[in-house]
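Have a look at the structure below, then the notes.
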Amino acid sequence: MTELILQALYSGLLQGGSYALIALGLALVFGTMRVINLAHGELVLLAAYIAYSVESGLGLNPAWAIPIALVVVSATSAGVYWLVGRIKQDREINSLILTFGIGVILTNLILLIWKADVRSTSSSWLQEAFVVGPLYSMRSELIFFVVSLLLMGGLWWWLSRSWYGRALRAVSSNRDAAKLMGIAPGRTELVSFIVAGMLAGFAGVALYSYGVIQPAYGGALTVKAFIITVLAGVGSIPGVLIGAVLLGVAEALTVTLASSALQELAGMTLFLLVLFVMPNGLMGAARRRG
């Protein structure tokens, strides 16, 4: 029993890293523009299908799809921003409707191009077991957990040290004051969407490398990313990791100790519990107290 729980904790930790990678792009856009991009899951899924095409069409490791996925998904994300930027009134609510529609369109394009079949990687190297004492995982899970940590560290450094990162934070804090400081809000928001698209590109390739994909999966990915973003607290990169790991561990323990049918319920229960105790999210509440 102890080994089962340890394995569940380990699997939940790795799954949490994957969830964090998926949620990073949504958290960045939400923190910058207060816009919830309901097409984010479909962007991740688009990158996953690009990885599938590279593997099945060219016979290459899915990781080779990363450059293509970054370009295609970033361009698509920039297109989403261009449409959202046309909204002049009630952007928060109208952007929800718009991005939901874009998500539906992307889902149907994926269905049209790649059909409805469930896909997964055939790479034995990625699927090979990696054993650490009594714990085991697929090699791809461990690799992309490390990638997730590196990308989160890089995003945190970019937001805190680079000019564009500081500009994004300024626009998020006070759009009008940022204009007075010589910052072009439209340009910085476009950058946030492009960076979010790049993160979605990495997340999609990772998703295909360790799991299964199908065209209808995009909505579920968006829900996961939104839950983690709210758990984290607006604009908190460490909070995204903590929230994602908590969600992954809760789901893994539920599957191990109860039933896989209760997995989604466990995640939603955790979400509601944290919001009830800390309405501003995990890291948002900590900053408010400090």
Side-chain angles (χ1 to χ4, degrees), residues 16-51 65-85 95-96 98-100 102-103 106-107 144-145 147-159 162 164-165 168-169 171-172 188-208 213 217-244 247 281:
S18 302
Y19 284 165
L21 186 56
I22 292 171
L24 271 179
L26 182 66
L28 177 63
V29 170
F30 183 45
T32 303
M33 298 178 62
R34 302 299 190 271
V35 166
I36 302 172
N37 180 11
L38 292 183
H40 180 75
E42 282 75 13
L43 294 176
V44 174
L45 198 59
L46 176 60
Y49 272 97
I50 291 173
I66 290 177
I68 303 173
L70 292 182
V71 172
V72 173
V73 178
S74 295
T76 306
S77 185
V80 173
Y81 168 75
W82 185 84
L83 293 173
V84 171
S95 64
L96 283 175
L98 175 62
T99 55
F100 176 79
I102 293 172
L106 288 175
T107 296
F144 282 105
F145 177 77
V147 170
S148 178
L149 294 179
L150 292 175
L151 287 175
M152 277 186 282
L155 182 62
W156 177 84
W157 180 90
W158 182 71
L159 287 172
S162 72
Y164 264 113
L168 284 173
R169 290 161 56 205
V171 170
S172 174
T188 54
E189 289 171 349
L190 174 60
V191 170
S192 74
F193 263 84
I194 291 175
V195 174
M198 294 174 66
L199 294 170
F202 278 107
V205 175
L207 177 66
Y208 176 71
I213 57 172
Y217 197 27
L221 294 175
T222 301
V223 171
K224 293 279 188 189
F226 177 69
I227 288 174
I228 293 167
T229 299
V230 176
L231 283 177
V234 176
S236 173
I237 303 304
V240 169
L241 177 60
I242 295 172
L247 183 62

Sorted by chain and number, sequence neighbours left out, side-chain contact (heavy atoms from CB on, under 4.5 Å) with Leu150 holds for Val146
With sequence neighbours left out, the residues meeting ring-ring contact (aromatic ring centres under 6.0 Å, His included) with Phe145 are none
Q: Please confirm whether the backbone N or O of Asn37 pairs with a side-chain atom of Thr99, one donor and one acceptor, at under 3.5 Å?
A: no
Minimal heavy-atom distance between Leu231 and Gly243, with the atoms involved, is CD1-O, 4.1 Å
Sorted by chain and number, sequence neighbours left out, side-chain contact (heavy atoms from CB on, under 4.5 Å) with Ala75 holds for none
The reported gap from CD1 in Ile237 to CG in Leu24 (rounded to nearest 0.5 angstrom) is 5.5 Å
In short, salt bridge (charged side-chain N to carboxylate O under 4.0 Å, His left out) pairs touching residues 188-201 with sequence neighbours left out are Arg91-Glu189, Arg175-Glu189
Sequence neighbours excluded, the answer for side-chain contact (heavy atoms from CB on, under 4.5 Å) partners of Thr107 is Glu42
Hits for side-chain hydrogen bond (donor to acceptor under 3.5 Å, both in side chains) against Ser18, two or more places apart or cross-chain, chain-then-number order -> Tyr210
Residues Ser192 and Leu28: closest non-hydrogen pair is O-CD2, 3.6 Å
With sequence neighbours left out, the residues meeting side-chain contact (heavy atoms from CB on, under 4.5 Å) with Ala244 are Tyr19, Ala20, Ile228
The reported gap from CG in Leu26 to CG in Leu38 (rounded to nearest 0.5 angstrom) is 8.0 Å
Smallest heavy-atom separation, Leu190 atom then Ala78 atom, equals CD1-CB, 4.0 Å
Between Leu70 and Ile66, does a side chain to side chain contact (heavy atoms under 4.5 Å, CB included) hold up when you go through it step by step? CA-CA 6 Å; Leu70 292 182; Ile66 290 177; 3.9 Å; yes
When rounded to the nearest 0.5 Å, the distance separating OG of Ser74 from CG of Leu43 is 9.5 Å
Residue set satisfying ring-ring contact (aromatic ring centres under 6.0 Å, His included) with Phe202, at least two apart, ordered chain then number -> none
Here the gap from Leu45 atom CG to Ile22 atom CD1, rounded to the nearest 0.5 Å, amounts to 10.0 Å
Salt bridge (charged side-chain N to carboxylate O under 4.0 Å, His left out) pairs touching residues 16-28, sequence neighbours excluded, are none
Tightest non-hydrogen contact, residues Gly103 and Ala39, listed as N-CB, 3.8 Å
So CH2 of Trp158 and CG of Leu168: to nearest 0.5 Å the spacing works out to 4.5 Å
Nearest heavy-atom approach of Ala47 to Ala69 is CB-CB, 4.0 Å
Taken in chain and number order and not counting sequence neighbours, the residues that satisfy side-chain hydrogen bond (donor to acceptor under 3.5 Å, both in side chains) with Ser95 are none
- Task: In sequence, state the C-alpha distance, the side-chain angles, and the governing distance for Tyr217 and Leu207, and then conclude on side chain to side chain contact (heavy atoms under 4.5 Å, CB included).
- Result: CA-CA 11 Å; Tyr217 197 27; Leu207 177 66; 4.0 Å; yes
One should read off an interatomic distance between Leu199 CG and Met152 CE, to the nearest 0.5 angstrom, of 10.0 Å
For residues 219-226, run the donor-acceptor check on the side chains, cut-off 3.5 Å, and write out each pair with its distance to 0.1 Å, sequence neighbours left out.
| from | atom 1 | to | atom 2 | distance (Å) |
| --- | --- | --- | --- | --- |
| Thr222 | OG1 | Gly41 | N | 2.9 |
| Thr222 | OG1 | Gly218 | O | 3.2 |
| Lys224 | NZ | Glu251 | OE1 | 3.3 |
| Lys224 | NZ | Glu251 | OE2 | 2.2 |
| Lys224 | NZ | Glu264 | OE1 | 3.3 |

Closest heavy-atom pair, Val35 versus Val29, reported as atoms and distance to 0.1 Å, is O-CG1, 3.6 Å
*Hey, does the side chain of His40 reach the backbone of Ala27 with a donor-acceptor pair shorter than 3.5 angstrom?*
no
